[in-house]
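The block underneath contains the structure these notes are about, expressed in structure tokens.
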Amino acid sequence: RKAFEYHLGYQCFGGTGTGEPLGWKVPDSTFKVERDTADTISEVDLRTMFGRLFATDPGSLFWFISWCGWSTISGLEDTNGNRLYMQDYSQGMPPTVMNIPVIWAYETPYLGTEGDANLVDLSQYGVALGDGLEIFASEHRYAEKRAIYYVIYYSVDAKPLITSKIALA
């Protein structure tokens, strides 16, 4: 199950659109922020991303940040000394950065690589499931190890709803 989730998440992040979903980091509608400093994520970088985003539904905003950025993000503060990262599971709240839920994603690249921190409006990303999930079991392939080999087929397509930059008149 975890392998399936990772593979689908990786395709939705950076898929080419040819025989797989078109990831949100690929099309021209995705803007890239020049880093304040290399190989790290700063408060200025996050605020720049937030300032450039046009959100139709603020409730559908999510940060997708590489796991290796956790130590950097968890210590970030604004100019007044307020923490940008909050985590309080006792209140049932997910971890947030600037009051936007954060998903620590293995599918994103390592810290310092393009795409290591993403602010995504998921209301602008369409996902279509195909005919369903087909699972086949073969007890013959690994019979000598007394193991069952599973093959999983699924049909899914996904793409950003806006694939090019919007020109303002």
Side-chain angles (χ1 to χ4, degrees), residues 1-15 17 20-129 156-169:
R1 180 176 151 239
K2 291 289 185 186
F4 174 76
E5 290 173 0
Y6 174 83
H7 184 67
L8 184 58
Y10 185 78
Q11 288 180 334
C12 288
F13 170 72
E20 62 187 7
L22 178 61
W24 64 67
K25 89 168 205 161
V26 175
D28 290 337
S29 61
T30 301
F31 64 87
K32 294 160 179 60
V33 173
E34 292 295 324
R35 287 286 166 85
D36 190 40
T37 55
D39 296 333
T40 189
I41 302 170
S42 72
E43 182 251 347
V44 173
D45 299 332
L46 298 177
R47 292 210 182 274
T48 303
M49 283 187 228
F50 185 75
R52 296 271 319 265
L53 184 71
F54 174 74
T56 57
D57 178 13
S60 65
L61 292 178
F62 288 88
W63 291 101
F64 287 84
I65 301 176
S66 176
W67 262 109
C68 54
W70 185 87
S71 59
T72 303
I73 296 292
S74 63
L76 285 180
E77 295 180 344
D78 65 10
T79 54
N80 296 325
N82 299 315
R83 294 183 54 133
L84 297 180
Y85 176 76
M86 301 296 256
Q87 182 174 352
D88 187 2
Y89 289 118
S90 67
Q91 301 297 319
M93 297 296 293
T96 62
V97 172
M98 298 168 45
N99 293 324
I100 299 171
V102 62
I103 297 172
W104 300 107
Y106 289 105
E107 300 85 357
T108 55
Y110 289 112
L111 186 64
T113 309
E114 181 180 303
D116 58 359
N118 304 273
L119 180 56
V120 180
D121 182 355
L122 291 180
S123 71
Q124 298 299 313
Y125 193 75
V127 177
L129 299 176
V156 64
D157 195 15
K159 70 176 189 173
L161 301 179
I162 301 171
T163 57
S164 61
K165 290 184 170 62
I166 299 172
L168 299 175

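Sequence positions, counted from 1, serve as the residue numbers for this chain.
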Task: side-chain contact (heavy atoms from CB on, under 4.5 Å) between Ile65 and Trp104, intermediate numbers included - done: CA-CA 5 Å; Ile65 301 176; Trp104 300 107; 3.6 Å; yes

Open item on the list: List the residues meeting side-chain contact (heavy atoms from CB on, under 4.5 Å) with Pro94, not counting sequence neighbours, and say none if there are none.
Closed with: Pro101

TODO: Give a yes or no on this: more than 12 heavy atoms of other residues, nucleotides or ligands lie within 6.0 Å of atom CE of Met86.
DONE: no

TODO: To the nearest 0.5 angstrom, please state how far the CG atom of Leu119 sits from the OG1 atom of Thr48.
DONE: 11.5 Å

Open item on the list: Check this for me: Asp88, atom CG, are more than 12 non-hydrogen atoms of other residues, nucleotides or ligands nearer than 6.0 Å?
Closed with: yes

TODO: Starting at CG of Asn82, measure out to CD of Glu77 and round the result to the nearest 0.5 Å.
DONE: 8.0 Å

Open item on the list: Is it the case that the side chains of Ser42 and Asp45 hold a donor-acceptor pair, with the cut-off being a distance below 3.5 Å and no angle test?
Closed with: yes

TODO: Tell me, please, which residues at least two apart from Gln87 pass side chain to side chain donor-acceptor pair (under 3.5 Å).
DONE: Tyr85, Tyr89

TODO: Mind running side-chain contact (heavy atoms from CB on, under 4.5 Å) on Leu84 and Ile73 for me, showing each step along the way?
DONE: CA-CA 8 Å; Leu84 297 180; Ile73 296 292; over 6 Å; no

TODO: Please tell me if the side chains of Phe50 and Ile100 come closer than 4.5 Å, counting only heavy atoms from C-beta onward.
DONE: yes

TODO: Considering non-hydrogen atoms only, spot the tightest contact between Ala105 and Phe64 and give its length.
DONE: CB-CD2, 4.4 Å

TODO: Would you please name every residue forming a side chain to side chain donor-acceptor pair (under 3.5 Å) with Arg47, sequence neighbours left out?
DONE: Glu43

Open item on the list: What's the separation between atom CG in Leu46 and atom CD1 in Ile41, rounded to the nearest 0.5 Å?
Closed with: 6.5 Å

